Amino acid sequence: MESIESILNDDFIGKTVTVHGWVYRIRSSGKITFIIIRDSTDIVQCVASSVNLGDRYNDISSLTVESSLEVTGKIKKDDRAVTGYEIQINDFKIYQRNEFFPITKDKSEEFLLDNRHLWIRSREFTSILKIRSTVFKAFSDFFYKNGYYQVQGPMMVSTATEGGATLFKLKFFDDDVYLTQSSQFYLETMIYSLEKVFTIAPSFRAEKSRTRRHLSEYWHAEGEAAWLHNEDMMQVEEKMIEYIISEVLENNEKDLKLINRDISKLENIKAPFPRIKYRDLIQKSKEFGMNLKYGDDLGADEEYNIMIHYDKPLFVTNYPEELKTFYHLPDPENPGEILCHDLLAPEGYGEIIGGGERIWKLDQLLERMQKYGLPEEDYYWYIDLRKYGSVPHSGFGLGLDRLVNWICNLNNIRDAIPYPRTVRRIKP
RNA sequence: GCCGCUAUAGCUCAGUAGGUAGAGCACUCGGCUGUUAACCGAGCGGUCGUCGGUUCAAACCCGACUGGCGGCGCCA
């Protein structure tokens, strides 16, 4: 048995091969039928003729799209075939003869989402999922290569990380628990032994967001490292993004072409990435056609207006403390600012990473928690980390689906994940 | 939470100053030995999202509800 990709070259001309897969297209003209067969690697045109197959010809010429089969035949080079070669069928085995496949050439967004379990077989989706696979692998590989350990936190938690309003609540025996929004705090507990850790885990946000860059369940890649400061962490992240993209370029060139991605834009993504302080960005906002004042948060429109001017990702640092949550370390040199960073992706995509240096001194953390009205009892274990051998440390959270969305230049984050969960979509 | 758009055949869509519902694709049958989401002929296919209102008459006008899509806020 050969993969389709492996037989599409001149070495196989004249040889007899067997491939198996699914009917991608089928066209019949009486005594000759063209069947395009698809497997996970590629597609190939196969020719069935009544002269070769005799009585069995009708069995194969009447097949329907997505029926599964195995064919054996000799390979011929032919420019008329979609991938340049074709198989002259002289034997075949049908595994399943389908009723008609529901997805045809006309398709609405809603229909395709309802039939996502079938739509993911499409060539575009297959390529996106291959790229996504590379992104996940490259993320892990990068951190393994840099001495990080992979760890896992719980998905069911009793406290919020970001804020109270966006948690999914569920019953846990007699108690209420929440689905995690971030594994950050649990990663922080592990740096005191492992020093450098990362995780890939789902995070859940009950925000009723109706946008093309939000999911209710998304894949969160997080890292946390002892002894690193904000700038150190940014250097790790830019190398990580550069590595992931270089791996995609190396392993998925065919897939990027199939989805019509402009590869030169990705080839340009090399560290270091530019950095700008929030207050400088506010000053510069007029150049980007906006009139922002200090204290304004960067919304989707602002990120877009900024990032269409950059061809590399951009770090925005030193946000005012009011714009971010309680655990960020205040900048001793710039009162009112914190040592944090967001990474905005180019081509208008916007935020893909949020990170920064964490407060590591006990009194400072308690003071900030009080300001935010957070109950110390619920966070006793997080507070304990500042009592026993506390050290400076930094971390980040990356939205892997957002990264895939950008790398594939997709229009909607839904198409960066096989089964998107949004406020309006829980099936299939 | 707020704003906008949308719902007609299995799928994509048209439809009318309010008067018995239409095309393409898919499917079935027939034809075709070089197709490229083939082509030609015939057939099959609808309680026009649901409920209510206006009217002699509603897919069409009005209201409510439900599903879906997009935008904002929030974030990754």
Side-chain angles (χ1 to χ4, degrees), chain A residues 23-36 43 45-53 57 61-62 64-65 76 78-84 86 88 98-115 118-119 122-123 161-166 181-184 200-222 237 297-304 323-325 342-345 349-355 396-406 411-414 416-417 422-427:
Chain A
V23 175
Y24 177 65
R25 298 278 187 267
I26 183 161
R27 287 178 282 273
S28 170
S29 32
K31 298 198 171 71
I32 187 168
T33 295
F34 301 95
I35 303 172
I36 316 292
I43 59 175
Q45 172 160 292
C46 305
V47 185
S49 97
S50 58
V51 176
N52 290 349
L53 297 170
Y57 174 74
S61 70
S62 61
T64 48
V65 169
K76 189 184 136 197
D78 194 315
D79 289 342
R80 292 169 296 187
V82 61
T83 43
E86 66 183 19
Q88 312 275 335
N98 291 344
E99 305 213 350
F100 77 93
F101 195 63
I103 296 178
T104 58
K105 71 172 184 176
D106 296 313
K107 58 212 186 222
S108 69
E109 196 74 0
E110 181 177 359
F111 183 75
L112 292 178
L113 284 166
D114 287 340
N115 291 282
L118 302 175
W119 178 236
S122 69
R123 298 191 80 205
T161 310
E162 300 293 345
T166 60
Q181 298 170 305
S182 163
S183 299
Q184 177 194 322
I200 295 179
S203 280
F204 304 89
R205 302 274 165 105
E207 298 147 0
K208 291 186 177 172
S209 302
R210 300 195 45 75
T211 78
R212 57 170 96 174
R213 63 192 177 282
H214 284 88
L215 294 166
S216 300
E217 174 186 276
Y218 68 96
W219 284 84
H220 209 171
E222 294 174 277
E237 290 165 28
D297 206 354
L298 303 179
D301 291 344
E302 290 78 27
E303 286 182 7
Y304 180 83
L323 291 184
K324 297 282 178 185
T325 190
D342 283 354
L343 184 67
L344 309 185
Y349 277 89
E351 185 174 0
I352 56 172
I353 287 179
F396 73 92
L398 161 69
L400 284 172
D401 316 281
R402 284 189 176 180
L403 180 59
V404 172
N405 195 34
W406 163 48
N411 190 41
N412 193 309
I413 197 169
R414 261 194 325 237
I417 184 170
T422 65
V423 62
R424 298 264 187 192
R425 175 75 52 190
I426 193 72
K427 284 193 285 191

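Letters A, B, ... are given to chains in the order of the sequence lines, protein chains preceding strands, and every chain is numbered from 1. Given the structure is predicted, the values throughout are model-derived calculations rather than measurements.
- With P as the reference atom, B:G41 and B:C56 are 47 Å apart, rounded to whole Å.
- For the C1' atoms, the distance linking B:C48 with B:A58 amounts to 11 Å, nearest Å.
- Counting distance only, with no hydrogens placed and no angle test, the side-chain atoms of A:E109 and the base atoms of B:G70 include no donor-acceptor pair under 3.5 Å.
- A:L398 comes within 4.0 angstrom of nothing in the nucleic acid, heavy atoms only.
- Here A:R424 reaches the OP1 or OP2 of B:G68: one of its side-chain N or O atoms lies under 4.0 Å away.
- Of all nucleotides present, only B:G71 satisfies the Watson-Crick or G-U wobble test against B:C2, with each distance under 3.5 Å.
- In this structure, the side chain of A:D401 does not engage the main chain of A:A416 through any donor-acceptor pair within 3.5 Å.
- With sequence neighbours left out, the side-chain hydrogen bond (donor to acceptor under 3.5 Å, both in side chains) criterion links A:R402 to no other residue.
- Every residue two or more places apart in sequence or in another chain that forms a side-chain contact (heavy atoms from CB on, under 4.5 Å) with A:A345 is listed here: A:Y349, A:I352, A:W406.
- To the nearest whole angstrom, the two P atoms, one in B:C39 and one in B:G4, are 43 Å apart.
- Picking from B:U35, B:A76, B:G67 the nucleotide with the shortest atom distance to the side chain of A:F34 gives B:U35.
- Partner assigned to B:A23 is B:U12, using Watson-Crick or G-U wobble distances below 3.5 angstrom.
- A:D301 comes within 4.0 angstrom of the backbone, heavy atoms only, and of no base.
- Nucleotides B:C44 and B:G30 have their C1' atoms positioned 15 Å apart, rounded to a whole Å.
- Among the protein residues, A:T33 comes within range of no part of the nucleic acid, since none of its heavy atoms lies under 4.0 Å from any strand.
- As judged by a 4.0 angstrom heavy-atom cut-off over every strand, A:I353 is placed among residues touching the sugar-phosphate backbone only.
- When all heavy atoms are compared, the tightest approach of A:A48 to A:L53 is CB-CD1, 3.7 Å.
- Nearer the 5' end of RNA chain B, as judged by each residue's closest nucleotide, is the contact made by A:R80, out of A:R80 and A:D297.
- Closest to the side chain of A:F111, from the set B:C75, B:G34, B:U12, is B:U12.
- Counting non-hydrogen atoms under 4.0 angstrom, A:L113 reaches the backbone sugars and phosphates but no base.
- Each of B:G1, B:C25, B:A76 was ranked by its minimum atom distance to the side chain of A:T104; first place goes to B:C25.
- Nucleotide B:A7: paired with B:U66 (Watson-Crick or G-U wobble, both distances less than 3.5 Å).
- Where A:P102 and A:I36 meet RNA chain B, the nucleotide closest to each residue was compared, and A:P102 sits on the side nearer the 5' end.
- Between the base of B:C74 and the side chain of A:S209 there is a donor-acceptor pair shorter than 3.5 Å.
- The ring of A:F100 does not lie on top of the base of B:A26; it is either too far (5.5 Å or more) or too tilted (30° or more).
- Scanning for side-chain contact (heavy atoms from CB on, under 4.5 Å) contacts around A:A300 gives A:R213, with sequence neighbours left out.
- Distance check on atom C1': B:G49 versus B:A57 gives 23 Å, rounded to whole Å.
- When heavy atoms are screened at a 4.0 angstrom cut-off, A:K324 is found touching no nucleic acid atom at all.
- Enclosure of atom CZ in A:F101 by more than 12 non-hydrogen atoms of other residues, nucleotides or ligands within 6.0 angstrom is indicated.
- Set against B:G34, B:U36, B:C75, the side chain of A:V82 has B:U36 as its closest nucleotide.
- Residue-level contact check: A:E222 touches neither bases nor backbone, having no heavy atom under 4.0 Å from any strand.
- If you measure from atom CD1 of A:I26 to atom C1' of B:A38, you get 13 Å, rounded to the nearest angstrom.
- Within the nucleic acid shown, A:D78 comes within 4.0 Å of at least one base atom, counting heavy atoms only.
- Looking at heavy-atom distances under 4.0 Å, A:N412 makes contact with sugar-phosphate atoms alone, never a base.
- In this structure, A:I417 atom CD1 and B:A76 atom C1' are separated by 12 Å, rounded to whole Å.
- No contact: A:S203 has no heavy atom under 4.0 Å from any strand.
- The pairing partner recorded for B:U54 is none, the criterion being a Watson-Crick or G-U wobble arrangement whose two distances lie under 3.5 angstrom.
- Judged by distance alone, the side chain of A:E86 and the main-chain N or O of A:A81 form no donor-acceptor pair under 3.5 Å.
- Put simply, A:K107 has no side-chain N or O that comes within less than 4.0 Å of OP1 or OP2 on B:C11.
- Every residue meeting the side-chain contact (heavy atoms from CB on, under 4.5 Å) condition with A:S61, not counting sequence neighbours, appears here in chain and number order: A:S28, A:T33, A:Y57, A:N58.
- One finds no side-chain N or O of A:R27 lying less than 4.0 angstrom from the OP1 or OP2 phosphate oxygen of B:A37.
- In this structure, the CD atom of A:Q181 is 11 Å from the C1' atom of B:C74, given to the nearest Å.
- Residue A:R210 is classed as a base contact, given a heavy-atom separation below 4.0 Å to a base.
- For A:T211 against B:G73, no side-chain N or O and base N or O form a donor-acceptor pair under 3.5 Å.
- A distance of about 16 Å separates the P atoms of B:A7 and B:G63, rounded to the whole Å.
- A:S203 meets the side-chain contact (heavy atoms from CB on, under 4.5 Å) test with A:Y218, A:H220; sequence neighbours excluded.
- Note on A:R425 versus A:D114: salt bridge recorded, some NZ/NE/NH1/NH2 to OD/OE distance being below 4.0 Å.
- The P atoms of B:C13 and B:G18 are separated by 25 Å, rounded to the nearest whole Å.
- For A:S108, a side-chain nitrogen or oxygen approaches OP1 or OP2 of B:U12 to under 4.0 Å.
- Using a 4.5 Å cut-off on side-chain heavy atoms (C-beta onward), A:N411 and A:R212 make contact.
- Across all strands shown, A:A300 has heavy atoms under 4.0 Å from sugar-phosphate atoms exclusively, and none from any base.
- Taking atom C1' on both B:G73 and B:G1, the two are 9 Å apart, rounded to the nearest angstrom.
- OP1 or OP2 of B:C72 sits under 4.0 Å from a side-chain N or O of A:R213.
- Rounded to whole angstrom, the span from the CZ atom of A:R205 across to the P atom of B:G73 amounts to 16 Å.
- Heavy atoms of A:Q45 sit under 4.0 angstrom from at least one base atom.
- Counting heavy atoms from C-beta on, the side chains of A:R205 and A:H214 never come closer than 4.5 Å.
- Between A:I413 atom CD1 and B:C75 atom P there is a gap of 16 Å when expressed in whole angstrom units.
- Within the nucleic acid shown, A:V51 comes within 4.0 Å of at least one base atom, counting heavy atoms only.
- Close to B:G70, at under 4.0 Å from its OP1 or OP2, lies a side-chain N or O of A:R414.
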Next item on the list: Heavy atoms under 4.0 Å is the rule here; annotate nucleotides 41-46 of chain B 5' to 3' with B where the base is hit, S where only the sugar-phosphate is, and - elsewhere.
Entry: ------

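- Distances were taken from every side-chain heavy atom of A:R25 (C-beta onward) to each of B:A38, B:G34, B:G68; the shortest belongs to B:A38.
- B:C32 is unpaired under the criterion used here, namely a Watson-Crick or G-U wobble arrangement in which both key atom distances are under 3.5 Å.
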